Amino acid sequence: MTQDAVLDEVRRLFREKLERTETIERETGIATDLGIDSLDQLSIIVEIENRFEICFEPDGAQPVETIGDVVDEIGRCLQRKQQEDNDHA
């Protein structure tokens, strides 16, 4: 999955979950621009994990402050998942 496809899906998930229509870009701040509280963040994380069939690793994760950070972390998780799948094949 390309980063653009991941970004599009992340935008869709955020808009759907938050019931918003404003423009969401890579630079959009999760807390600062969207005003998302920790409960909403947790709910969105679960949605993302389910959608992409990944599991975020909280102890090794980079700080996630923007939509771009979310996309980058999803990319890392997808790469890790692919590597694990290749190791088990």
Side-chain angles (χ1 to χ4, degrees):
M1 179 174 268
T2 67
Q3 275 209 340
D4 286 341
V6 172
L7 177 58
D8 288 343
E9 187 63 18
V10 167
R11 285 176 176 147
R12 188 191 66 74
L13 287 169
F14 270 83
R15 284 188 188 121
E16 181 180 290
K17 194 69 177 168
L18 301 174
E19 298 178 354
R20 295 187 176 182
T21 59
E22 71 255 23
T23 302
I24 297 176
E25 299 297 335
R26 284 187 62 89
E27 300 79 20
T28 301
I30 295 169
T32 56
D33 295 325
L34 298 177
I36 297 174
D37 63 25
S38 58
L39 184 59
D40 284 335
Q41 286 179 20
L42 182 59
S43 178
I44 290 170
I45 287 169
V46 170
E47 291 285 332
I48 289 170
E49 288 180 330
N50 290 337
R51 165 59 184 92
F52 291 98
E53 298 178 355
I54 59 173
C55 184
F56 289 117
E57 294 185 20
D59 56 339
Q62 301 291 323
V64 177
E65 298 175 357
T66 66
I67 296 297
D69 294 338
V70 173
V71 171
D72 293 342
E73 187 62 28
I74 291 168
R76 283 189 285 277
C77 289
L78 289 172
Q79 285 178 337
R80 194 168 42 249
K81 179 182 172 190
Q82 184 177 22
Q83 183 63 43
E84 288 172 2
D85 290 347
N86 290 341
D87 290 347
H88 292 9

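All values below come from the heavy atoms of this structure, side chains included, with hydrogens, waters and symmetry mates left out. Only a predicted model underlies this, so the values are computations on that prediction, with no experimental measurement involved.
Under the salt bridge (charged side-chain N to carboxylate O under 4.0 Å, His left out) criterion, Glu27 pairs with no residue, sequence neighbours left out. Contacts of Asp72 classified as salt bridge (charged side-chain N to carboxylate O under 4.0 Å, His left out), with partners at least two apart in sequence or in another chain: Arg26. Partners of Thr66 by side chain to side chain donor-acceptor pair (under 3.5 Å), not counting sequence neighbours, listed by chain and number: Asp69. Legend: residues meeting side-chain contact (heavy atoms from CB on, under 4.5 Å) with Ser38, ordered by chain and number and at least two apart, are absent.
Two residues are said to be in side-chain contact when any heavy atoms from C-beta on lie closer than 4.5 Å; Thr28 and Phe14 fail this criterion. The shortest distance between side-chain heavy atoms of Phe56 and Cys77 falls below 4.5 Å.
Here CD1 of Ile44 is found 10.0 Å from CG of Leu39. Values are rounded to the nearest 0.5 Å. In this structure, the separation between CG on Leu13 and CD1 on Ile24 is 10.0 Å, given to the nearest 0.5 Å. Here the CD-CG distance, from Gln83 to Asp87, works out to 4.5 Å after rounding to the nearest 0.5 Å. With rounding to the nearest 0.5 angstrom, the CD1 atom of Ile54 is 8.5 Å from the NZ atom of Lys81. Summarising the geometry, atom CD belonging to Glu65 is positioned 8.5 Å from atom CD1 belonging to Ile30; distances are rounded to the nearest 0.5 Å. The CD1 atom of Ile45 lies 12.0 Å from the CG atom of Asn50; values are rounded to the nearest 0.5 Å.
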Report task. Check step by step if salt bridge (charged side-chain N to carboxylate O under 4.0 Å, His left out) holds for Arg76 and Glu73. Result -> CA-CA 5 Å; Arg76 283 189 285 277; Glu73 187 62 28; 2.9 Å; yes
Query raised in the report: Yes or no on side-chain contact (heavy atoms from CB on, under 4.5 Å) for Leu34 and Ile67, after CA distance, side-chain angles and deciding distance?
Result: CA-CA 10 Å; Leu34 298 177; Ile67 296 297; 4.2 Å; yes
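No side-chain donor-acceptor contact under 3.5 Å links Gln82 and Asn86.
The side-chain hydrogen bond (donor to acceptor under 3.5 Å, both in side chains) analysis of residues 14-25, with sequence neighbours excluded, yields the pairs Arg11-Glu25, Arg12-Glu16, Lys17-Ser43, Arg20-Glu22. Sorted by first and then second residue, the pairs that involve residues 37-52 and meet salt bridge (Lys or Arg N to Asp or Glu O under 4.0 Å), not counting sequence neighbours, are Glu9-Arg51.
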